[in-house]
Amino acid sequence: MALFRSVRNIACLTRQCSRITAVNHQQRKGVADMAFTFGCPGEVFYNEAKVKQVDVPALSGSFGILPEHVPSLAVLKPGVVTVFQEDGSSSKFFVSSGSVTINDDSSVQVLAEEAVPVDRLDPQAVREGLAKAQQDVNTGSTERAKAEAQIALECYENMAKALEH
């Protein structure tokens with residue numbers, strides 16, 4: 001019985017030492033550091049940049065990411081990714097879909113299928129695309145065509161919302 005307690009105490013002590021080591025590593029690294037990488041197939045917007053916060057639109061709901069966020073994986077939905085830089089400024093990007101990975105070392109990767117800075121969106125093209133997508137949803141001849149039109153409609157609706165803010 002004494003041997004069992006000793007083994008259990010060693011396991012507990014090992015976990016505590018691991019936590020202390022992780023905390024010391026974070027303190028040496030600087031708890032305010034979050035290495036952020038963000039890109040799409042055609043462009044890399046951030047490559048391990050230090051940022052304060054990232055807000056992402058996910059299927060499970062929009063959420064903000066700060067340093068030391070719990071490790072997570074999420075699927076992006078059409079919407080705006082907002083990046084808050086160390087100097088207090090922010091940048092907004094429209095994403096069509098993709099994924100976000102939050103690692104235990106406070107690094108974050110956002111990989112988008114398509115992404116564009118919001119200030120590069122053409123309001124007239126968005127209005128035209130929205131009207132066409134609405135028409136395609138109503139006139140689609142197959143279920144596949146209607147589903148594709150519905151996806152396009154959701155993207156254009158979210159682009160229009162991005163331009164309003």
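Looking at heavy atoms from C-beta onward, Ser91 lies out of side-chain contact with Phe45 at the 4.5 angstrom threshold. For the pair Val108 and Val100, the minimum side-chain heavy-atom distance is below 4.5 Å. Between Lys146 and Thr142 the shortest side-chain heavy-atom distance does not fall below 4.5 Å. Side-chain contact between Glu114 and Val95 is absent, with no heavy-atom pair separated by less than 4.5 Å. Residues Ile102 and Pro71 fail the side-chain proximity criterion, which asks for heavy atoms closer than 4.5 Å. Between Val54 and Phe36 the shortest side-chain heavy-atom distance falls below 4.5 Å. Annotation: side chain of Glu86 is not in contact with side chain of Val51 (no heavy-atom distance under 4.5 Å). Leu163 places a side-chain heavy atom less than 4.5 Å from the side chain of Val126.
For the 3.5 Å distance criterion, the side chains of Asp55 and Gln53 qualify, holding a donor opposite an acceptor. One side chain, Tyr46 or Gln85, offers a donor N or O that lies under 3.5 Å from an acceptor on the other. No side-chain donor-acceptor contact under 3.5 Å links Glu48 and Ser107. With 3.5 Å as the limit, one finds no donor-acceptor pair spanning the side chains of Gln150 and Glu154.
Among all heavy-atom pairs drawn from Cys40 and Glu113, the shortest one is CB-O, 4.3 Å. Shortest non-hydrogen contact noted between Glu68 and Ser106 is N-OG, 2.8 Å. Nearest heavy atoms, Asp33 versus Pro67: O-CB, 3.9 Å. Of all the heavy atoms in Phe94 and Cys155, the pair that sits closest is CZ-O, 3.5 Å.
A distance of 11.0 Å separates CG of Leu73 from OG of Ser60, quoted to the nearest 0.5 Å. In this structure, CD on Gln109 lies 5.5 Å from OG1 on Thr37, to the nearest 0.5 angstrom. Once rounded to the nearest 0.5 Å, the distance linking CG of Asn158 with CG of Leu153 reads 9.5 Å. With rounding to the nearest 0.5 Å, the separation of NZ in Lys132 from OH in Tyr156 is 8.5 Å. Atom-to-atom distance recorded for Leu59:CG and Ser99:OG is 11.0 Å, nearest 0.5 angstrom.
Clustering ILVMFWY residues whenever any of their side-chain heavy atoms sit less than 4.5 angstrom apart, transitively, puts Val110 in the very cluster that holds Phe63. Cluster membership for Leu111 and Leu76, using ILVMFWY side-chain heavy atoms within less than 4.5 angstrom, is not shared.
Here Glu43 pairs with Arg120 in a salt bridge; the nearest charged N to carboxylate O distance falls below 4.0 Å. Ionic pairing of Arg144 and Glu148 is present here: one or more N-O contacts between side-chain nitrogen and carboxylate oxygen are shorter than 4.0 angstrom.
Using modelled atom types, one side-chain atom of Asp87 and one backbone atom of Ser89 make a donor-acceptor pair closer than 3.5 Å.
In this structure, Phe93 places its CZ atom where more than 12 heavy-atom neighbours from other residues, nucleotides or ligands lie under 6.0 Å away.
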Handout entry: Derivation of the side-chain contact (heavy atoms from CB on, under 4.5 Å) call for Ile65 and Val56
Key = CA-CA 8 Å; Ile65 305 165; Val56 296; 4.3 Å; yes

